[in-house]
Amino acid sequence: MPMADKKSESASSDGARPWQSYHTVFTNAKAGMEGVDKEKVQRVVYEMSKGSKYFENEERKEAFIRQKIERMRARSAKLTAGHLSQYQTVADKRILELEATRDLSKVWLHVDMDAFYAAVETLCDSSLKGRPMAVGGMSMISTANYEARRFGVRAAMPGFIARKLCPELIFVPVDFEKYTYYSDLTRKVFQTYDPNFIASSLDEAYLDITEVCKERGVSGGEVAEELRNAVFGETGLTCSAGVAANCLLAKVCSDINKPNGQFVLPNDRLAVMTFISSLPIRKIGGIGKVTERILTDVFGISTCEEMLRKGGYLCSLFSRSTADFFLSVGLGLGETDPPQMRLRKSISNERTFPATDSEALLYQKLDELAELLSSDMQKEGLHGRTLTLKLKTSSFEVRTRALTLQKYISSRDDIYNYASKLLKAELPISLRLIGLRVSQFKDDKMGSPSDPTQKTLLSFMVADASGNFVRGQSSLGSETSNNLFMNDFGDDISVETREMIDSERDDPLNRNDSSDPEQRCTLIEFAGKTEGMHGHINGSIVEKVDALIEKSDPKSSQLKKSNGRESDTSLPHETEISSCLNQKDNNDYLLQGETSSRQEEQILWMNDYECSLCGIELPSSFVEERQEHADFHLAERLQKEESGMDSRTLIARERSPLKQTGSGNKHKKRKSSPSDGHLPIDVFFRKINQKP
DNA sequence: GCGGATCAC
DNA sequence: TATGGTGATCCGC
């Protein structure tokens with residue numbers, strides 16, 4: 001290991017303990033890993049990896065991330081107080097608009113099978129019971145049972161490192177058919193509760209149990225217990241469940257009392273806010289290792305609540321959609337409707353092999369892949385016009401090379417011939433992986449932008465099956481999606497990498513006691529009455545949001561609980577409007593943000609130089625000036641609103657009018673959360689372990 | 001349209 | 001000895 005520079009010793013922990021700065025995906029707290037000596041695991045992983053090509057590549061990637069963080073820090077530091085306060089105003093306004101979309105009328109259940117592959121293997125071979133076991137091989141583990149997790153062994157970990165951590169570890173090869181069989185059994189059960197359930201993988205599904213709860217007069221928690229019992233009866237496998245008002249929260253909840261447990265988050269706004277406020281951001285689907293680091297290192301954000309507190313920074317430094325996503329997370333919002341059908345957009349295959357620079361060998365690999373891909377495409381009747389070649393060099397650097405054709409292709413020969421041209425341009429090269437992907441399919445439905453596209457534009461956030469918002473951002477670019485055509489593959493490889501170096505960052509969800517007085521206060525608050533007690537949460541962001549709501553409209557205590565019901569104001573123009581906007585990367589929040597909610601006052605640069613609001617002329621090259629000008633109009637408008645204009649009718653709506661049920665919400669809410677207001681704190685965080 | 005990144009499972 | 005495969009999306013070019 002190279003000597004760590006002395007000056008960095010205080011800033012980072014290199015030097016004495018180099019493994020602490022090696023950020024991997026599996027040195028993290030997770031269900032079944034409570035008693036693990038994380039320091040030791042991290043050290044072993046580091047020692048086993050050190051010096052390898054893989055490790056060197058990880059170090060390169062790490063350096064890039066550091067740069068990214070530094071750049072963002074610099075931008076953050078450069079913000080003037082004036083800018084900040086303006087963006088804070090924008091953020092507050094956005095929070096209000098997002099709050100208005102809150103829908104507490106649905107009951108979502110997320111089911112997650114416990115260590116699925118491993119559990120199935122144990123079911124089929126009882127001699128494995130009670131012994132540490134992993135499904136996978138020496139190079140990669142798909143999942144590990146709980147006995148193995150106690151040693152720090154987990155999904156996505158190379159087998160040879162796992163064996164080092166746990167020499168007794170039993171390896172069982174993956175048997176895809178077996179898992180599919182048992183998955184089908186579980187799905188038969190899911191179907192009886194929600195015929196339209198959404199399977200996001202072999203072992204996970206989302207169910208809308210709103211109707212079941214209503215018709216049978218039972219709580220979401222009761223349905224969850226019943227369903228888990230039924231799954232066990234049908235398969236002999238245990239699962240965990242989460243019940244909440246939206247998919248995003250339900251998913252978080254299903255992880256809390258895993259394995260073989262469940263957690264219900266009442267459909268109550270204060271309950272949601274309290275729950276989300278102390279939640280580590282890494283628990284949220286869509287926030288991965290890198291995003292977490294950026295948010296914590298640059299903004300000091302580690303819990304969802306801080307997303308709202310730092311709203312001004314987020315809105316000024318991230319794209320509008322990313323900032324919206326972050327603010328939504330802070331509010332505990334998520335998708336409440338079943339996602340619309342989504343068509344597959346690409347098909348691909350890739351293979352890893354012993355690194356080689358033999359051209360004959362490389363072309364042979366390419367040929368095999370072309371054959372495979374063509375066969376897969378024929379099975380699905382797909383023809384595409386964009387071909388992408390993926391390469392991973394022997395030093396783990398990944399490259400892609402793409403080619404878009406006039407014609408649609410699907411035959412083995414076409415794929416191979418075009419792919420060969422792409423590969424040829426890269427020679428000579430030493431590779432350990434080749435992949436092929438075809439996209440831009442015929443019949444892409446692109447001909448009818450009317451419905452899907454428009455809806456996407458109208459809603460300021462779009463969510464996929466898991467309730468993860470589709471969003472985008474320059475340096476983050478993170479997003480997630482569970483396609484409806486799920487790839488039933490590497491299932492259990494749930495990544496979680498919360499670095500637990502800072503001891504104060506305990507996970508409140510995984511412990512039974514709470515030593516932090518402020519947190520306890522919050523929790524007690526949660527356990528107590530859920531209405532009319534806002535004032536007792538000291539410094540809570542709930543207060544702040546409520547204050548915002550009150551300020552925006554004194555009558556809105558009702559509004560914030562019901563759904564926006566006003567009919568849309570002329571939104572269909574948005575497409576053209578957006579395209580006329582002066583979009584300057586990170587600043588587009590201000591401009592776009594306003595146009596999507598306010599049609600009548602956008603700042604448009606007509607003919608690309610004249611402000612539509614005041615007529616002032618500014619050529620497009622005057623980027624900064626334009627920004628300031630836009631800010632000026634924004635501030636002007638916000639002031640107007642402050643002084644009493646009704647902003648409520650201007651609130652943007654995201655949901656389609658179809659499922660607006662309007663008045664019934666409160667009743668549904670009560671019904672689905674009988675424990676409202678009477679949830680003792682110990683119950684709130686107690687593991688509900690029931691052996692079916 | 002391309003290439004690099006990030007994320008989920 | 002040895003660190004996966006499939007699909008999606010976003011951003012800056």
Side-chain angles (χ1 to χ4, degrees), chain A residues 24-26 45 48-49 52-55 57-58 61 64-65 68 112 116-117 136-143 155-164 174 199-204 251 282 284-294 318-319 321-322 342-355 373 376 385-386 388-392 396-405 422 432-433 435-437 439-440 462 464-466 468-497 583 585-586 588:
Chain A
T24 62
V25 188
F26 21 71
V45 171
M48 298 293 288
S49 302
S52 67
K53 303 263 183 175
Y54 174 84
F55 182 84
N57 188 249
E58 289 299 299
K61 281 165 39 182
F64 268 110
I65 294 173
K68 199 185 285 186
D112 193 340
F116 186 53
Y117 291 7
M138 263 326 136
S139 58
M140 188 55 62
I141 286 177
S142 284
T143 189
M157 179 179 279
F160 67 94
I161 294 181
R163 197 176 50 184
K164 185 83 172 181
V174 286
S200 50
S201 67
L202 277 185
D203 75 327
E204 277 187 37
K251 169 116 174 93
R282 189 64 172 78
I284 301 293
I287 297 182
K289 188 180 75 163
V290 175
T291 308
E292 182 197 31
R293 280 196 59 194
I294 290 173
F318 291 107
S319 75
S321 60
T322 302
R342 274 190 217 182
L343 297 173
R344 173 210 275 285
K345 290 192 170 61
S346 73
I347 185 167
S348 68
N349 53 28
E350 64 189 56
R351 288 289 175 274
T352 296
F353 44 83
L373 185 56
D376 287 350
R385 51 188 283 262
T386 296
T388 305
L389 173 71
K390 176 178 173 180
L391 309 172
K392 193 187 284 179
F396 287 85
E397 179 203 347
V398 176
R399 296 181 200 167
T400 59
R401 296 291 178 261
L403 173 67
T404 298
L405 308 160
L422 293 172
R432 70 188 321 277
L433 172 145
L436 285 175
R437 177 167 75 248
S439 51
Q440 298 253 47
V462 180
D464 69 358
S466 70
N468 298 322
F469 298 89
V470 174
R471 66 187 187 286
Q473 198 281 322
S474 65
S475 49
L476 291 176
S478 56
E479 73 83 39
T480 158
S481 85
N482 292 338
N483 42 334
L484 287 178
F485 310 80
M486 11 140 260
N487 59 58
D488 278 336
F489 221 166
D491 237 60
D492 233 36
I493 306 189
S494 64
V495 233
E496 16 198 56
T497 308
Q583 299 186 20
D585 56 58
N586 60 312
D588 63 357

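These figures come from a predicted structure and were not determined experimentally. Throughout, protein chains are lettered first and strands after them, A, B, ... in sequence-line order, and every chain is numbered starting at 1.
- Residue contacts for A/R385: at a heavy-atom cut-off of 4.0 Å it reaches the sugar-phosphate backbone alone, with no base atom in range.
- Among the nucleotides B/dC9, C/dG7, C/dC11, the one closest to the side chain of A/S348 is C/dG7.
- Closest to the side chain of A/T386, out of B/dA8, B/dC2, B/dC9, is B/dC2.
- If A/F160 and A/R437 are placed on DNA chain C by their nearest nucleotide, the residue sitting closer to the 5' end is A/F160.
- The listed nucleotides are B/dT6, C/dG4, C/dT6; the one nearest the side chain of A/I65 is B/dT6.
- Side chains of A/L389 and A/T400 form no contact here, defined as non-hydrogen atoms less than 4.5 Å apart.
- Nearest approach of A/R437 to A/S348, heavy atoms of both residues: CB-CB, 3.6 Å.
- Proximity of a side-chain donor or acceptor of A/R385 to a complementary backbone N or O of A/L405 within less than 3.5 Å is detected.
- Within 4.0 Å (heavy atoms only), A/L433 reaches sugar-phosphate atoms of the nucleic acid but no base atom.
- Residue A/K61 has no polar side-chain atom (N or O) positioned under 4.0 Å from OP1 or OP2 of B/dT6.
- Considering only side-chain N and O atoms, A/K289 lies nowhere under 4.0 angstrom from the phosphate OP1 or OP2 of B/dA8.
- A/R351 places its CZ atom 10 Å from the C1' atom of C/dG4, with the value rounded to the nearest Å.
- Taking CG of A/N57 as the start and NZ of A/K392 as the end, the distance is 8.5 Å to the nearest 0.5 Å.
- Residue A/T291 places at least one side-chain N or O closer than 4.0 Å to OP1 or OP2 of B/dC7.
- What separates CD of A/Q440 from P of B/dG1 is a distance of 5 Å, to the nearest Å.
- Enclosure of atom CZ in A/F64 is not indicated, since only 12 or fewer non-hydrogen atoms of other residues, nucleotides or ligands lie within 6.0 angstrom.
- Taking atom CG on A/L389 and atom P on C/dT6, their separation rounds to 14 Å, with Å as the unit.
- In terms of phosphate contacts, A/T352 brings a side-chain nitrogen or oxygen within less than 4.0 Å of OP1 or OP2 of C/dG5.
- Taking 4.0 angstrom as the limit, A/S319 places a side-chain polar atom (N or O) nearer than this to OP1 or OP2 of C/dC11.
- Across all strands, A/S52 comes closer than 4.0 Å to base atoms (heavy-atom distances).
- Contacts of A/R401 with the nucleic acid, taken as non-hydrogen atoms under 4.0 Å apart, involve only primed sugar atoms and P, OP1 or OP2.
- Within the structure, a side-chain polar atom (N or O) of A/T400 is placed less than 4.0 Å from OP1 or OP2 of B/dG4.
- A/I347 places its CD1 atom 10 Å from the C1' atom of C/dG7, with the value rounded to the nearest Å.
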